[in-house]
There are 2 protein chains.
Amino acid sequence: MTRQEATRTQRIPLNRDRVLRAAVALADSTGIDALSMRRLAQELDVVPMALYKHVANKEELLDGMADAVVGEIDPPAAGPDWQRVVRGRILSARQVLLRHPWAVRVIESRTGPTPAVLAYLDSMAGTFRDGGLSADLTHHVMHAMGSRLLGFSQELFDTSGPSGPPDPGLAARHPNIAELAATAAHDGGSTVGGGCDDQFEFEFALDLLLDGFENLRRQGWTSARKA
Amino acid sequence: MTRQEATRTQRIPLNRDRVLRAAVALADSTGIDALSMRRLAQELDVVPMALYKHVANKEELLDGMADAVVGEIDPPAAGPDWQRVVRGRILSARQVLLRHPWAVRVIESRTGPTPAVLAYLDSMAGTFRDGGLSADLTHHVMHAMGSRLLGFSQELFDTSGPSGPPDPGLAARHPNIAELAATAAHDGGSTVGGGCDDQFEFEFALDLLLDGFENLRRQGWTSARKA
DNA sequence: TTGACGAGTGTACGCCGTACACCTACGATC
DNA sequence: GATCGTAGGTGTACGGCGTACACTCGTCAA
């Protein structure tokens with residue numbers, strides 16, 4: 001059956017939402033690098049240019065994908081303890097990003113905040129404010145969290161993926177790293193980044209920051225940099 | 001003078017170093033997106049394929065560029081106060097990355113740590129260890145710092161570049177963000193990210209983390225996650 | 001009946017990275 | 001000095017990319 005015939009019989013018309021969903025699914029299954037307009041069109045059984053009736057260009061497609069992912073993050077739980085609310089939501093965001101590993105790079109590469117990100121940040125700021133942090137402190141706190149707000153910790157390199165054979169000279173050249181790797185090898189990981197419990201590392205830093213924020217709040221911290 | 005004639009007269013032969021330096025310069029001046037093998041070859045007055053005698057492919061070129069940039073970071077200062085040593089070096093790294101804004105994305109996109117990054121991390125780990133942090137704590141501390149070790153804070157979106165006209169409905173839709181923007185508008189910035197003192201934000205988070213680490217060290221903190 | 005319009009099509013252009021075969025100048029070897 | 005291996009630069013070509021632009025065609029309002 002050619003595309004023409006399919007048109008005549010039954011054909012769900014394309015729309016922006018179907019395009020975005022297909023794009024997310026394709027990125028999930030084949031990786032973001034394999035996501036091209038042509039490949040996506042093929043997936044939707046449509047000619048590449050058809051996509052451009054629904055998204056202005058590839059950048060806007062990526063914007064939409066980022067928003068779709070951010071939209072998956074749980075709404076904030078209710079509760080009197082702002083640290084718990086923030087913590088829970090950020091860990092939810094982290095789960096979302098673990099489901100869509102490509103999304104980290106896509107979100108980072110947006111030049112401006114997309115609507116869903118903006119809404120998320122606004123909501124998160126509200127949680128801090130409701131928790132008793134001043135607007136001033138909230139502002140700096142959100143900066144300090146950076147991308148951690150969205151659940152990714154920005155490691156220096158990708159620890160997943162196949163790591164080559166361990167470099168025998170590495171320990172000699174980098175004794176400190178070797179030592180750290182040794183302490184981290186609690187379950188057999190042997191490479192630099194391997195054998196780490198990413199979830200533990202993420203929560204370690206998160207809690208350190210949240211506790212630091214709470215301390216500043218209690219002290220009535222205020223930035224002293226006004227002109 | 002054609003390329004041929006230039007060859008006959010005087011022609012500095014290409015080598016890996018010249019290629020990398022030219023690539024860094026080109027990225028500095030025209031941005032990383034405009035850096036293509038073809039464009040780089042043109043800059044060196046050479047045919048594109050000539051580059052492949054000196055770098056295996058574009059990825060390896062980017063690896064080399066990342067290493068070149070990381071190599072610009074100051075060596076650690078001497079001193080008894082580990083917090084000051086770490087702080088100073090990270091702020092040096094930050095200056096380097098401000099000189100080469102494209103480097104953040106390039107470093108992030110490497111799939112594994114390049115030699116210079118590895119050396120830098122090893123040296124940094126040594127500073128923590130010399131400061132009295134246990135190998136265990138040092139490990140988690142380095143994870144907690146993440147890319148901040150290299151001087152970038154991973155903001156959620158790029159606050160440089162031209163921001164469009166301020167959205168009049170934004171304040172209504174996102175009251176909390178609007179409030180934060182208002183408190184931050186100490187020198188006339190009007191957009192969400194604008195008007196922030198990036199250096200202040202960076203040091204705020206950095207010091208918060210360093211102080212947190214020092215507290216853990218004093219308490220003799222140890223991870224309780226062993227099996 | 002017509003005619004505007006929205007959705008999908010087809011073709012084409014100029015980029016990109018790079019495989020592969022080639023040439024050419026040079027330094028070592030006999 | 002003739003020979004030859006080799007390193008470095010060249011030229012051509014391929015497949016893929018994003019997307020501009022002109023088109024067709026089915027639907028529906030007037």
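Below, read A as the first sequence line, B as the second, and so on, with proteins coming before strands; counting in each chain starts at 1.
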Which class fits the ring pair Phe204(B) and Phe200(B): parallel under 30°, tilted 30 to 60°, perpendicular over 60°?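 If you compare the ring of Phe204(B) with that of Phe200(B), the planes turn out parallel.
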Parallel, tilted or perpendicular: rings of Phe213(B) and Phe128(B) (30°, 60°):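 Plane angle over 60°, so perpendicular.
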So which of residues 51-66 of chain A are in contact with DNA chain D, with a heavy-atom cut-off of under 4.0 Å? Tyr52(A), Asn57(A), Lys58(A)
For atom [atom1] of [X] and atom [atom2] of [N], their distance in whole Å:
{"X": "Met37(B)", "N": "dA19(C)", "atom1": "CE", "atom2": "P", "answer": "10 Å"}
{"X": "Met49(B)", "N": "dT10(D)", "atom1": "CE", "atom2": "P", "answer": "12 Å"}
{"X": "Leu44(A)", "N": "dT9(C)", "atom1": "CG", "atom2": "C1'", "answer": "15 Å"}
{"X": "Leu14(A)", "N": "dG8(C)", "atom1": "CG", "atom2": "P", "answer": "5 Å"}
{"X": "Ile32(B)", "N": "dC16(C)", "atom1": "CD1", "atom2": "C1'", "answer": "15 Å"}
{"X": "Asp33(A)", "N": "dC16(C)", "atom1": "CG", "atom2": "P", "answer": "18 Å"}
{"X": "Gln42(A)", "N": "dG16(D)", "atom1": "CD", "atom2": "C1'", "answer": "12 Å"}

Okay, side chain of [X], backbone of [Y]: is any donor-acceptor separation there less than 3.5 Å?
{"X": "Ser123(B)", "Y": "Ala119(B)", "answer": "no"}
{"X": "Tyr52(A)", "Y": "Lys58(A)", "answer": "no"}
{"X": "Asp74(B)", "Y": "Arg89(B)", "answer": "no"}

By nearest-heavy-atom nucleotide on DNA chain D, the more 5' of Ser36(A) and Pro48(B) is Pro48(B)
Do the side chains of Glu108(B) and Val104(B) get nearer than 4.5 Å, heavy atoms only? yes
Proximity to the side chain of Val47(B) - top-ranked nucleotide from dG11(D), dC17(D), dG17(C):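 It is dG11(D).
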Taking N and O atoms by type only, does the side chain of Arg38(A) place a donor or acceptor under 3.5 Å from a partner on the base of dG18(D)? yes
For nucleotides 27-29 of chain D, tabulate all protein N/O to nucleotide N/O atom pairs closer than 3.5 Å, reporting atom names and distance.
none

Under 6.0 Å from the six-membered ring centre of Phe152(B) and within 45° of its axis: does the NZ or CZ of Arg94(B) meet both? no
Which atom pair, heavy atoms only, marks the closest approach of Ala50(A) to Val46(A)?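 In this case the closest contact between Ala50(A) and Val46(A) is CB-CG1, 3.4 Å.
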Donor-acceptor pair between Asp28(B) and Trp102(B) side chains, under 3.5 angstrom: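 Present: a donor and an acceptor within the cut-off.
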